[in-house]
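What follows is a short report on a single structure.
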Amino acid sequence: MEYSSKKLEKQWQEYWAKNRSFEPSEDFTKKKKYILSMFPFPSGRLHMGHVRNYTLSDAFARYYRQQGFNVLHPIGFDSFGMPAENAAIKNGSHPKTWTYSNIDYMKGEFKSLGFSFSKERELATSDELYTKFEQGFIIDMYEKGLLYRKKGFLNWCPSCNTVLANEQVIDGTCWRCDTSVVKKDMNQYYFKITHYGDELLSDLSKLEGGWPKQVLTMQENWIGKSNGLEFRFSFDEVSLGRLNSKFDGFDVFTTRPDTIYGVSYAAIAPEHEIVSYMIQNSLLDDSVREQIESMKNASSIERQKEKSGVALNLHVVHPLTKKSVPVWVANFVLMDYGSGAVMAVPAHDERDFDFAQKYDLPIHAVIKPFNSESDDTKAFTEIGELFSSESFNGLNSKDAQAKIIEHFEMLKIGTKKINFKLKDWGVSRQRYWGAPIPFVHCDDCGLVMEKKENLPIALPEDIVITGEGNPLDKHPTWKHCKCPTCAKDALRETDTMDTFVESSWYFLRFCASPKNWEDEAFSREQIEYWMSVDHYIGGIEHAILHLLYARFFTKVFRDLGYISFDEPFDRLLTQGMVLKDGAKMSKSKGNTVDPDAIIEKYGADTARLFILFAAPPTQELEWNDSAVEGAYRFIKRFYERSSNITKTESIPSIDHASLSKEEQFARKKVYEALVRAQDVYNEKYTFNTMIAGVMEAMNALNAQSNSAIWSEGYWILASIMEPVIPHVCSEISSRYFSLKNLTSQRVLEEVFVENVITLGVSINGKARTEIEVAVDASSEDVIKIAKESAAKWLEGKTIVKEIVVPKKLVNLVIKD
RNA sequence: GCGGAUGUGGUGAAAUGGCAGACACGCUAGACUUAGGAUCUAGUGCCGUAAGGUGUGGAGGUUCAAGUCCUCUCAUCCGCACCA
């Protein structure tokens, strides 16, 4: 009975492959579970984060198969994206070759880890078949008005040579390469995700309980809904003249209409159209123009460092007081939020205050704290009581906000307005290795979409990748085509799509039966059966990007009539990072552990056991070589001690009352482990405690030698552990139980029944001693025994209170 | 600044308000031994020979009883951040 992970694991992996053990059934009358882990980018090799991710989903998938569910547990590759192109630049490999050979290698790794993925549903998002349906959806979305093209100031990563969506800019830098992002004025395609802003926000409540609170909060903040007042500042006569009457004013948005009487200037973004007009028409002094240009050109990080601005020598009229208000250009005003212009109330806004101080602008306080006087050395930004606000004096901020909005609406000079921080999702990328956006530019017809029958618009393979410019644009022939409408010579769109588009619907594609893959993206019947995903498992780093986009696509597909539910993922489990020496594993830090090396040395079961045992799934996992050894030793013991089992086709029946104390204890521990396992799989997901329970049971089994109890113990323990360490458990199960124990197990309550129980005795809440009493002993008897046992501490004291907690402890409260 | 999380032995971590430290790693001692990074046995929060004391970041509070509930506070981590 020597344990050899290599031999045993290979043998079972082949058995599973031969028997198609993990292919879902197409019998839609069965109860189902859809277990999904976030699919990987095919970077070349799996890392420990992947192993953790897929070990978790595999444990769920295997557990539910045991429970008789029809389980969909698919995997694929998010295979478009820049690393393929970067590798091409570096090694001269073709992105396609590089990608697909990586995929082949990683599939081998999946197999050697024993993951129970459906082999027949494996896909790569760079497959032409996937692109075909995706482009079809893009056309649908365009027709629905959910995709549009416009010119705008975009986040541009000078290192990746491409634009980035808002969500992809982290702290002013590129999410992928950390390069500081600059703003660039160019055309690009957008998904109208803002159309769903309200629903994306309100449906978060449907996910409560199923999703981590943290993720819900992050999404809520990202969507950033705020209520306020929008009104228009009108220019005075002189300013109108200076602007050749081109603009009569500009809109501003505020969430603090209660501070309206404190306005002392207006600030507009350097990118504002009024500013652009003044520059183009030479209406500004050179020095002013230069200052504005330098604000515009600053990187977003630079721009956040210090507030700066310049007066435009324009004035607007305060909508209520009719006083003249100067207009400034300010670098802290964002063009892409609200209307790109604000009313500035330095007394009650920190940013406005800082700016006013720097440029010596007036500060008018109009709100004071409820119970104290104003402090004019800093901005008072909380709510308070209004003063110097004409008829609104004495109101509190909250009431005043409503009243002032009402007042504006009555005068028809402003409206209540809801603003979102969420912006439309810019999806075009100026790169080769992505799905082409299926549009054509025609001189006569303008922007025309491709016909669905021409899909997919596939990438050309003869491509030169240098890292400069867009390879599709530079390709000699690819972009030349005929206009789908008028058949004249036209040009293809050479931008490709953000790879987050592929991951926004892959979970739907997995529902499709592979035999229909050629004909349809998915069928309604299949979707209705499999969706939504019961357990979705992946990294917290996707809390905003991927999960928000996938939710958006789900709502779009619903409105396109393809599906009929609102949210794709019922339950989300966000796993913690895998660390080594206290830091995230990374090549640059040289602290990586290669999964292949672990499998080679100890086997897949050891890797899986360690990963689930070392920490609860949501917590960070510190890699520890000697703890891995420990996991290995446990498996070895588990395997070798199975020689104590007698072969059986059913769980042995045992007369509990006739057993010795050790034997009864062993049974109790086994069934305790089972109860715990059921809790863990169904709600707690703390596999570490489940495994600890199994270890306790093993220790208890080992303290006795009754063969029937060993058999019963393994019947249950091998079943509990199969989702975690499937190879060794399958081996034991097939050798002794003909695989019949790998099903749901019944808890035998009788093993928990005890005649004599141990109670703790504490004095004044401090644990002192223990007593053994009959399980049905009365409280009086229990107290009596407790007093005898604790006599030593009671001498010369008065007992003032006696508490008996049934089956737990006795607490005696004493005083001198 | 705003939002969220976490804080327990040498380490990873357990504990429906009911005997803190389960389980494991490590360490110590011992056994066996073909001397091995194997296996087995015992021990292991801290102080103390012991009795006992003490102990879950810190300070208060509620309770017969608090790691757990409440208030304040400190530290670390994560997310967002000039969002008007």
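In this structure, CD of A:Glu620 is placed 13 Å from C1' of B:G12, rounded to the nearest angstrom. Between the C1' atom of B:C23 and the CE atom of A:Met698 lies a distance of 14 Å, rounded to the nearest Å. In this structure, the CZ atom of A:Phe687 is 14 Å from the P atom of B:A14, given to the nearest Å. Atoms NE2 (A:His348) and P (B:C82) sit 23 Å apart, rounded to a whole Å.
Contact annotation for A:Val333: base contact, defined as any heavy-atom pair under 4.0 Å involving a base atom. If you check every strand for non-hydrogen atoms under 4.0 Å, A:Val813 touches sugar and phosphate atoms only. Residue contacts shown for A:Glu220 are absent, as no nucleic acid heavy atom lies under 4.0 Å away. Backbone-only engagement by A:Lys766 is indicated by non-hydrogen atom pairs under 4.0 Å involving sugar-phosphate atoms exclusively. Across all strands shown, A:Thr686 has no heavy atoms under 4.0 Å from either base or sugar-phosphate atoms. At a threshold of 4.0 angstrom between heavy atoms, the contacts of A:Trp793 are confined to the sugar-phosphate backbone, with no base atom among them. Within the 4.0 angstrom heavy-atom criterion, base atoms lie near A:Arg303. Backbone-only engagement by A:Thr255 is indicated by non-hydrogen atom pairs under 4.0 Å involving sugar-phosphate atoms exclusively. Contacts of A:Gln304 with the nucleic acid, taken as non-hydrogen atoms under 4.0 Å apart, include base atoms.
In the interface, the side chain of A:Asn811 is paired with the base of B:C64 through a donor and an acceptor atom under 3.5 Å apart.
Side-chain N/O atoms of A:Ser789 and A:Thr769 include a donor and acceptor closer than 3.5 Å.
The partner of B:A20, taking Watson-Crick or G-U wobble pairs whose two distances both stay under 3.5 Å, does not exist in any strand shown. A 3.5 Å limit on both hydrogen-bonding distances identifies no Watson-Crick or G-U partner for B:G37.
Closest to the A:Phe332 side chain, of the nucleotides B:C23, B:C19, B:A84, is B:A84.
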